[in-house]
Amino acid sequence: MTSASLAPARDQVLARIAQAAQAAGRHPASVQLLAVSKTFGAADIADLYALGQRSFGENYVQELVEKHEALRDHADLQWHFIGPLQRNKTRLVAERAHWVHAIDRLVIAERLSEQRPPELPPLQVCVQINVSGEASKSGVAPADALALAQAVSALPRLQLRGLMAIPEPTPDAEKLATQFAALPVLLEKLNAGGLQLDTLSMGMSADLELAIAHGATVVRVGTALFGARPPKMTA
Ligand SMILES: *Cc1c(COP(=O)(O)O)cnc(C)c1O
């Protein structure tokens, strides 16, 4: 892959973001594009970086470690860890990531805070909310969000920035909209409870317009930038 091949895709995604923001009466700069680079290599990331892209999202710790190492000389590149995080992998992430989006248990946040190297700025984090109510989905139930958010915000080496959600995929636009709409309502509730959150991480390649209409400040886009990913391997 060369920059020439990724540039049109990035331009197209930026145009979608700008259009959706305008339609919602929002400034395009109020929505950040997070390039989800999972399964794609360091060369593709470097190509997007050369086009001005600075924020990249990874789901798997091993990939974060490898790409972080390979792209060390890209000093202002920001790594967002957006996948589920196991207890025994927190140190690898605390030492490398700028952001972690999917905090859904206090123990993970506590470990990240303890393991965040003192020379790095506080790790920016979001609490993941289960907006679909599916038992299989990760994320904390909306009713438990305030307690978790307050506990996370008290940790010294983390800065709680907001909420993240992955809605249940559905062809039913109204159902999807209901899930997206839950997040800003909850954010307001948490802020009324004394927190100062400014980030809503929601929306992907297929539904970023709807997410922006409901207040997304970060859209996490993979396929529309890099193309289709190879099918998931089963362990
Ligand atoms: C893979 C992934 C994305 C990107 O999805 P696309 O449909 O490829 O844009 C966004 N968020 C999370 C949490 C992901 O795992």
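On a predicted model such as this, the values are computed, not experimentally measured, just so you know. Keep in mind that the numbers below use all heavy atoms, side chains included, and drop hydrogens, waters and symmetry copies.
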Quick one: does I166's side chain get under 4.5 Å of Q128's, heavy atoms only? yes

With sequence neighbours left out, write down each residue that passes side chain to side chain contact (heavy atoms under 4.5 Å, CB included) with D198, or none if nothing qualifies. R161

Using a side-chain heavy atom cutoff under 4.5 Å and only I, L, V, M, F, W and Y, what cluster partners does V36 have? L34, I82, V218

With sequence neighbours left out, write down each residue that passes salt bridge (charged side-chain N to carboxylate O under 4.0 Å, His left out) with E119, or none if nothing qualifies. none

Just wondering, do W79 and F56 contact through their side chains at under 4.5 Å, heavy atoms? yes

Using the salt bridge (Lys or Arg N to Asp or Glu O under 4.0 Å) rule, collect all pairs that involve residues 102-112, keeping only residues at least two apart or in two chains. none

Is the closest side-chain heavy-atom distance between L48 and I45 below 4.5 Å? no

Please evaluate residues R26 and I212 with respect to the criterion side-chain contact (heavy atoms from CB on, under 4.5 Å), reporting the C-alpha separation (whole Å), side-chain torsions for both, the decisive distance (0.1 Å), and the verdict. CA-CA 9 Å; R26 302 177 54 196; I212 290 169; 3.8 Å; yes

Apply side chain to side chain contact (heavy atoms under 4.5 Å, CB included) to T39 and list each qualifying residue two or more places apart in sequence or on a separate chain. E63, R229, P230

Centroid-centroid distance, H80 to H98, less than 6.0 Å: no

Using only atom types and a distance under 3.5 Å, with no angle test, would you say the side chain of R157 pairs donor to acceptor with the backbone of Q115? no

Short question: side chain of S153, backbone of A149 - any donor-acceptor pair under 3.5 Å? yes

Is the shortest side-chain N to carboxylate O distance from R16 to E209 below 4.0 Å? yes

Less than 4.5 Å apart, side chain to side chain, heavy atoms only: is that true for L190 and L163? yes

Applying side chain to side chain contact (heavy atoms under 4.5 Å, CB included), can you list everything that pairs with D207, at least two apart in sequence or on another chain? L176, F180, M204

Would you confirm whether K67, through its side chain, and F40, through its main-chain N or O, come within 3.5 Å as a donor-acceptor pair? yes

Which is it for Q53 and D47 under the side-chain contact (heavy atoms from CB on, under 4.5 Å) test, yes or no, and what are the steps along the way? CA-CA 9 Å; Q53 181 66 36; D47 282 350; over 6 Å; no

